[in-house]
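Take a look at the structure below.
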2 protein chains.
Amino acid sequence: MADRGYPGAMTTELQPGAAPEEDWLRLDRQICFSLHAASRAFNGVYRVLLKELGLTYPQYLVMLVLWEHGETPVKKLGEHLRLDSGTLSPLLKRLEAAGLVRRERSTRDERSVQVGLTGEGAALRERALSVPRRIMSATGFSLEEIRDLHTRLDRLTTALDAAALEETPGCR
Amino acid sequence: MADRGYPGAMTTELQPGAAPEEDWLRLDRQICFSLHAASRAFNGVYRVLLKELGLTYPQYLVMLVLWEHGETPVKKLGEHLRLDSGTLSPLLKRLEAAGLVRRERSTRDERSVQVGLTGEGAALRERALSVPRRIMSATGFSLEEIRDLHTRLDRLTTALDAAALEETPGCR
DNA sequence: CACAATTCAGTTGTGCACAATCAAATGGCG
DNA sequence: CGCCATTTGATTGTGCACAACTGAATTGTG
């Protein structure tokens, strides 16, 4: 414990191109790792808050989409949340088993499955209203800071997604 | 796709305390979600880069610790990475099966298991040296931006961890 | 119409995250 | 010594993430 801080910061002043690759290895761990850790820390707080709603964090994300947009096909849910059917199918079954959503095949296109809210699922929204404020206060960040962080993270995600596509071996 | 931007930004100007809780719900999705998405996007890029090393991202994190600190007990690994034995035990077994690490019970304290590098595991470090630079370039961020982001994320993680402890029902 | 390509959800398999529980080893105390 | 709390890793169970594959339905093309 108590190993916060930059392990590379003590060795060199890190001018671009001047640091040996050794230092990058150490700094790197801090970059990717801090994001990883922040994501899990967020998950931990949500876990506590959402337990009283009977939701996991990804299930909460699905409910947010349904509360905002109403009935939605699985495909669209996946686009909103960037999740594929391998993740969504079992997750939606659990939400259905919990009585929060309905799943039924579209009559127009038999390939599509429409996901909608049950009365219970729609009612849960009221109890979820306090969650965002409590999360906000848990971060200790101001609204402006959160916005700024959000902008940076979105930029990061866009860049990383693009890089992953270029880098993928069978894709050039 | 193309739903980047703040869904709440069009409705109100979001002065603290002035926005109705409805808007918080929507803004919230963007905050937690952008972090979640960034984390998975990072994971995606690492997945591509690390495939040629035969490592997953969490396995790479373990190797980073071992390359930096040498032989380490499981307990210490967990503290460095904030992971418990339920995650580490099977992960380490896979690394052992891949011939990259050794696991052996300490002779001093039979409860402790020391994890060390094999020759192959130590040699892998050379091939991993280029990873951080490639990740850096994938983000498109400057060193300064990365540092700044790192600082914010660490602050966020610390605040969230503290909040989770306070919020935990059986802990007050 | 027939047939190939595409779209969409589901299934399977692997791996990570974490809570809960267990068992063995250790160390302290009477 | 005998007993008990603590430490430490392992195990089990649930749920998410994602790749690869399956199969049904739809669409495009000749």
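Keep in mind that what you see is a predicted model, and the values were worked out from it rather than measured. Protein chains get the first letters and strands the later ones, always in sequence-line order, with residue 1 at the start of each.
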Q) Roughly, in whole Å, what's the span from CD in A/Q59 to P in D/dT14? A) 14 Å
Q. Pick the nucleotide of DNA chain D nearest each of A/D109 and A/L83; which residue has the one closer to the 5' end?
A. A/L83
Q. CG of A/L50 versus P of C/dC18: gap in Å, rounded?
A. 15 Å
Q. Base, sugar-phosphate alone, or nothing: which one does A/L88 contact when heavy atoms must sit under 4.0 Å apart?
A. nothing
Q. Does OP1 or OP2 of C/dT14 have a side-chain N or O of B/R47 closer than 4.0 Å?
A. no
Q | Electrostatic pair A/E145:A/R147 at N-O distance under 4.0 angstrom | A | no
Q: Using a cut-off of strictly less than 4.0 Å, decide whether A/K93 has a side-chain nitrogen or oxygen near OP1 or OP2 of D/dG15.
A: no
Q: Decide yes or no on salt bridge (charged side-chain N to carboxylate O under 4.0 Å, His left out) for B/E96 and B/K93, but give the supporting numbers first.
A: CA-CA 5 Å; B/E96 187 179 38; B/K93 280 186 184 173; over 6 Å; no
Q.
Nearest heavy atom decides the nucleotide; on that basis, is A/H36 or A/V74 closer to the 5' end of DNA chain C?
A. A/V74
Q. Roughly, in whole Å, what's the span from CG in B/L92 to P in C/dG15?
A. 14 Å
Q | Euclidean distance, atom CZ of residue A/R40 to atom C1' of C/dA19 [Å, nearest integer] | A | 15 Å
Q | Nucleotide nearest B/R111 when distance is taken to its side chain, options D/dG9, C/dA17, D/dT7 | A | D/dT7
Q.
Rounded to whole Å, how long is the line connecting atom NZ of B/K51 with atom C1' of D/dC18?
A. 11 Å
Q) Can B/D161 and B/R82 be counted as an ion pair, charged N to O under 4.0 angstrom? A) yes
Q. Which part of the nucleic acid, if any, lies within contact of A/T87, taking any heavy atom under 4.0 Å across all strands shown: a base, the sugar-phosphate backbone alone, or nothing?
A. base
**Q.** Nearest to side-chain heavy atoms of A/D84, which nucleotide of D/dA19, C/dA17, C/dG15
**A.** D/dA19
Q: Using a 4.0 Å heavy-atom cut-off across all strands, classify B/S85 as base, sugar-phosphate, or nothing.
A: base
(Q) Among D/dA17, D/dT26, C/dT11, which nucleotide has an atom closest to any side-chain atom of A/S89? (A) C/dT11
Q) When all nucleic acid strands are considered with a 4.0 Å heavy-atom cut-off, which category describes A/N43: base, sugar-phosphate, or nothing? A) nothing
**Q.** Distance under 6.0 Å and angle within 45° of ring axis: A/R152 vs B/F141
**A.** no
Q) Where do A/R103 and A/L92 come nearest, in terms of heavy atoms and distance? A) CD-CB, 3.9 Å
Q) Which of the following nucleotides, C/dG10, C/dA17, C/dA19, is nearest to the side chain of A/R105? A) C/dG10
Q.
Measure CD/A/E79 against C1'/C/dC8 and give the value in whole Å, please.
A. 11 Å
Q: Rounded to the nearest angstrom, tell me the gap between atom CD in B/Q114 and atom C1' in D/dG9.
A: 13 Å
Q. What is the distance, rounded to the nearest whole Å, between atom NZ of A/K75 and atom P of D/dA25?
A. 19 Å
